[in-house]
Amino acid sequence: MADSFISLDTGRLSGFMSASELSAAEAQAAEAGRILLNGSGAGKDFTGWTDLPVKYDREEFARIKRCADKIRSDSDILVVVGIGGSYLGARAATEMLTPRYRTLRALRDRNETAVLFAGNCMSADETAELTELLEEGYDVSVNVISKSGTTTEPAIAFRILKEFMEKKYGKKGAAERIYATTDRERGALRKLAAQEGYETFVIPDDIGGRYSVLTPVGLLPIAAAGIDTDAIMAGAASAYERYSAGNPSENDCCRYAAVRNALLRKGKMIEIMVNYEPRLHYFTEWWKQLYGESEGKDQKGIFPAGADFSTDLHSMGQYIQDGMRFIFETVIDVEKAAHSVTVKEDSENLDGLNYLAGMDLDHINKQAMKGTVMAHESGGVPNIILHVPELTAYHFGAMVYFFEKACGISGYMLGVNPFDQPGVEAYKRNMFRLLGKPGY
């Protein structure tokens, strides 16, 4: 497993930047990497994730697995309550690493735990329909994730779910099924967890939400979904070792940061992460938050977008091919599919597909990817390729660490603090004022 690893392919970019432009960007990436490594940059107090794969709390990790086993033994459903970094990493893993329709089968057969997500919006319809589902006789556990316990969306969801749990199981019974992932010492959720006796896990002080997927924030729900968290951490540890070099020629994180910033300087302001596997949709959503929240400040940054191909080729393909030329793509190429599906010959051939007879569907998908890359490049859209041997827990851990480290380096290249998010408070102030919150 460890012999095959993710790899970055930037060999198609020579027509979009000169050698001197790339060399300059690589030198800046190497320096940004050194700043990240020695902890001398902006936001240095939030870089605990950089060595997390080799320095995580083994005792807490073991406790996570024990609690996950308990949840899997006594619960039909685990509801994970969180938003942003308290939600996207876990959902990325569960979508990528479990069968596509696992949740439907779990809810139908009740022989494994379905992991559902709440607190990531304030939709009355979404909340009501989740509550209606839970009232159908399922056994339920809740993992509420919040540093403060007062973030509006998850706080509202948890208030509603706490009432449901206490009505269903009683106060003591509910407390045995509620797990809080929160600050070590402070905040409303920490106070409530201590008061009610919830099992608690710690959000490290030196790791921000969008970098927290390899902490209890992500690992408890991931483990509850039956995913091998040891393999995830092993993949992240391998990435930590591989991406320790400062020279971009030896370090894919530095090289990715370098080429995307070089493309930005050529006017490529939008990066589209492209996948050809639906299971990667929420990995893209996690990546979008990571890069958007880390780089989008001080009137700077590349806008992160996502596309699911070949599906979105039938909606956004025209614009990408022929629209304004401020786009580049980062394509995730999954080299080995988990399944094999062969197209069979049809005697009538009314659909004209007999030329595909005998071909594996994954082979056809790969040719669509190759043809799309060729078309977009010829249309003026640079393509970066991340080759992923297969969608396993090990490779998930490696991908997470790769994009996190490259993001920190890229942010420093832009001259911003990649570890704060001051802009997200603006909408909250307006919302609180409109709702009449005291003090606003």
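Count residues from 1 along the sequence.
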(request) Find out whether Ile145 and Val80 are in side-chain contact, i.e. whether some heavy atom of one side chain is under 4.5 Å from a heavy atom of the other. (result) yes
(request) Give, for atom CD1 of Ile409 and atom CZ of Arg34, the distance between the pair rounded to the nearest 0.5 Å. (result) 10.5 Å
(request) Before accepting this row, confirm whether a basic side-chain N of the pair Lys366/Glu335 lies closer than 4.0 Å to the acidic partner's carboxylate O. (result) no
(request) State whether Asp74 and Lys70 are salt-bridged, where the test is any N-O pair (Lys NZ or Arg NE/NH1/NH2 against Asp/Glu carboxylate O) under 4.0 Å. (result) yes
(message) Checking side-chain polar atoms at under 3.5 Å, does Glu377 have a donor or acceptor matched by the opposite partner on Asn383?
(response) no
(request) Measure from the side-chain N and O atoms of Thr103 to the backbone N and O of Ala114, and report whether any donor-acceptor pair falls under 3.5 Å. (result) no
(message) Working to the nearest 0.5 angstrom, can you tell me the gap between Ser238 OG and Tyr394 OH?
(response) 3.0 Å
(message) Looking at Glu126, I'd like to know if its CD atom is crowded, meaning that more than 12 non-hydrogen atoms belonging to other residues, nucleotides or ligands lie closer than 6.0 Å.
(response) no
(request) Keeping the roles fixed (side chain from Tyr240, backbone from Val54), state whether a donor-acceptor pair exists under 3.5 Å. (result) no
(message) Heavy-atom count check: over 12 atoms from other residues, nucleotides or ligands less than 6.0 Å from Arg159 CZ?
(response) no
(request) Give me the one residue out of Glu404, Gln289, Glu293 that meets side chain to side chain donor-acceptor pair (under 3.5 Å) with Arg210. (result) Glu293
(request) Carefully, step by step, assess Ser340 and Asp362 under the rule side chain to side chain donor-acceptor pair (under 3.5 Å). (result) CA-CA 7 Å; Ser340 178; Asp362 186 59; over 6 Å; no
(request) Taking all heavy atoms of Val217 and all of Ser86, pick out the closest pair and write down the distance. (result) CG1-CA, 3.7 Å
(request) To the nearest 0.5 angstrom, please state how far the OG1 atom of Thr113 sits from the CD1 atom of Ile71. (result) 7.5 Å
(message) Can you confirm whether Tyr355 is buried at OH, in the sense that more than 12 heavy atoms of other residues, nucleotides or ligands lie under 6.0 Å from that atom?
(response) no
(message) Taking the ring centre of each residue, are Tyr179 and Phe201 less than 6.0 Å apart?
(response) no
(message) Would you say the ring centers of Tyr291 and Trp287 fall short of 6.0 Å from each other?
(response) yes
(request) Not counting sequence neighbours, which residues clear ring-ring contact (aromatic ring centres under 6.0 Å, His included) with Tyr56? List them please. (result) Phe61
(request) Would you confirm whether Thr392, through its side chain, and His395, through its main-chain N or O, come within 3.5 Å as a donor-acceptor pair? (result) yes
(message) Both conditions, 6.0 Å and 45 degrees, for the charged tip of Arg429 above the ring of Tyr427: are they met here?
(response) no
(request) Verify the neighbour count for atom CZ of Arg325: are there more than 12 heavy atoms of other residues, nucleotides or ligands below 6.0 Å? (result) yes
(request) Nearest 0.5 Å please: distance from the CE atom of Met431 over to the CE atom of Met122. (result) 4.5 Å
(message) Taking Arg255 first and then Glu250, would you say they form a salt bridge - that is, a charged N and a carboxylate O separated by under 4.0 Å?
(response) no
(message) Can you list everything that forms a ring-ring contact (aromatic ring centres under 6.0 Å, His included) with Phe328? Sequence neighbours excluded, please.
(response) none
(message) Could you check whether any side-chain N or O of Thr372 sits under 3.5 Å from a backbone N or O of Ala368, counting only pairs where one atom can act as donor and the other as acceptor?
(response) yes
(message) For the SG atom of Cys67 and the CG atom of Leu219, what is their distance to the nearest 0.5 Å?
(response) 12.5 Å
(request) Begin from the C-alpha positions of Met233 and Leu214 and carry the test side chain to side chain contact (heavy atoms under 4.5 Å, CB included) through to its verdict. (result) CA-CA 7 Å; Met233 297 308 290; Leu214 301 180; 4.1 Å; yes
(request) Considering only NZ, NE, NH1 and NH2 on the basic side and carboxylate oxygens on the acidic side, decide whether Asp57 and Arg63 come within less than 4.0 Å. (result) no
(message) Apply side chain to side chain contact (heavy atoms under 4.5 Å, CB included) to residues Val274 and Val373 and explain how you reach the verdict.
(response) CA-CA 10 Å; Val274 172; Val373 168; over 6 Å; no
(message) Less than 4.0 angstrom from a charged side-chain N to a carboxylate O is my criterion; do Lys147 and Asp183 meet it?
(response) yes
(message) Between Leu386 and Phe402, is there a side-chain heavy-atom distance shorter than 4.5 Å?
(response) yes
(message) Has Arg177 got a side-chain atom pairing as donor or acceptor with Ser141's backbone, closer than 3.5 angstrom?
(response) no
(message) Treating Lys344 as the side-chain partner and Ala357 as the backbone partner, does any N or O pair qualify as donor plus acceptor under 3.5 Å?
(response) no
(message) The test is side chain to side chain contact (heavy atoms under 4.5 Å, CB included); show your working for Lys44 and Phe419 and say whether it passes.
(response) CA-CA 8 Å; Lys44 61 185 179 181; Phe419 309 115; over 6 Å; no
(request) Give me the ring orientation class for Tyr401 and Tyr243: parallel if the planes are under 30° apart, tilted from 30 to 60°, perpendicular past 60°. (result) parallel
(request) Report the residue from Arg105, Arg72, Arg102 that forms a salt bridge (charged side-chain N to carboxylate O under 4.0 Å, His left out) with Glu112. (result) Arg102
(request) List the steps, then state whether side chain to side chain donor-acceptor pair (under 3.5 Å) holds for Thr47 with Asp206. (result) CA-CA 6 Å; Thr47 56; Asp206 58 355; over 6 Å; no
(message) Could you measure the distance from the CG atom of Leu97 to the OG1 atom of Thr229? Nearest 0.5 Å is fine.
(response) 11.5 Å
(request) Using a strict 4.0 Å threshold on nitrogen-to-oxygen distance, state whether Arg242 and Asp252 make a salt bridge. (result) no
(request) Apply ring-ring contact (aromatic ring centres under 6.0 Å, His included) to Phe46 and list each qualifying residue two or more places apart in sequence or on a separate chain. (result) none
(request) Check whether any side-chain N or O of Ser23 sits under 3.5 Å from a backbone N or O of Ala19 as a donor-acceptor pair, and report yes or no. (result) no
(request) Evaluate side chain to side chain contact (heavy atoms under 4.5 Å, CB included) for Leu192 paired with Tyr198, printing each intermediate quantity in order. (result) CA-CA 8 Å; Leu192 178 64; Tyr198 302 154; 4.1 Å; yes
(message) For a quick check under 3.5 Å, do Ser18 and Glu21 share a side-chain donor-acceptor pair by atom type?
(response) yes
(message) Once you measure the plane-to-plane angle for Tyr211 and Trp49, does it fall in the parallel (<30°), tilted (30-60°) or perpendicular (>60°) bin?
(response) parallel
(message) Check this for me, if you would: do Glu295 and Arg260 make a salt bridge, where the nitrogen-to-carboxylate-oxygen distance has to be below 4.0 angstrom?
(response) yes
(message) Are more than 12 heavy atoms, taken from residues, nucleotides or ligands other than Lys300, located less than 6.0 Å from that residue's NZ atom?
(response) yes
(message) For the backbone of Asp139 and the side chain of Asp76, can you confirm whether one donor and one acceptor N or O come within less than 3.5 Å of each other?
(response) yes
(message) Looking at Lys297 and Asn417, would you say the former's side chain and the latter's main chain have a donor-acceptor pair under 3.5 Å?
(response) yes
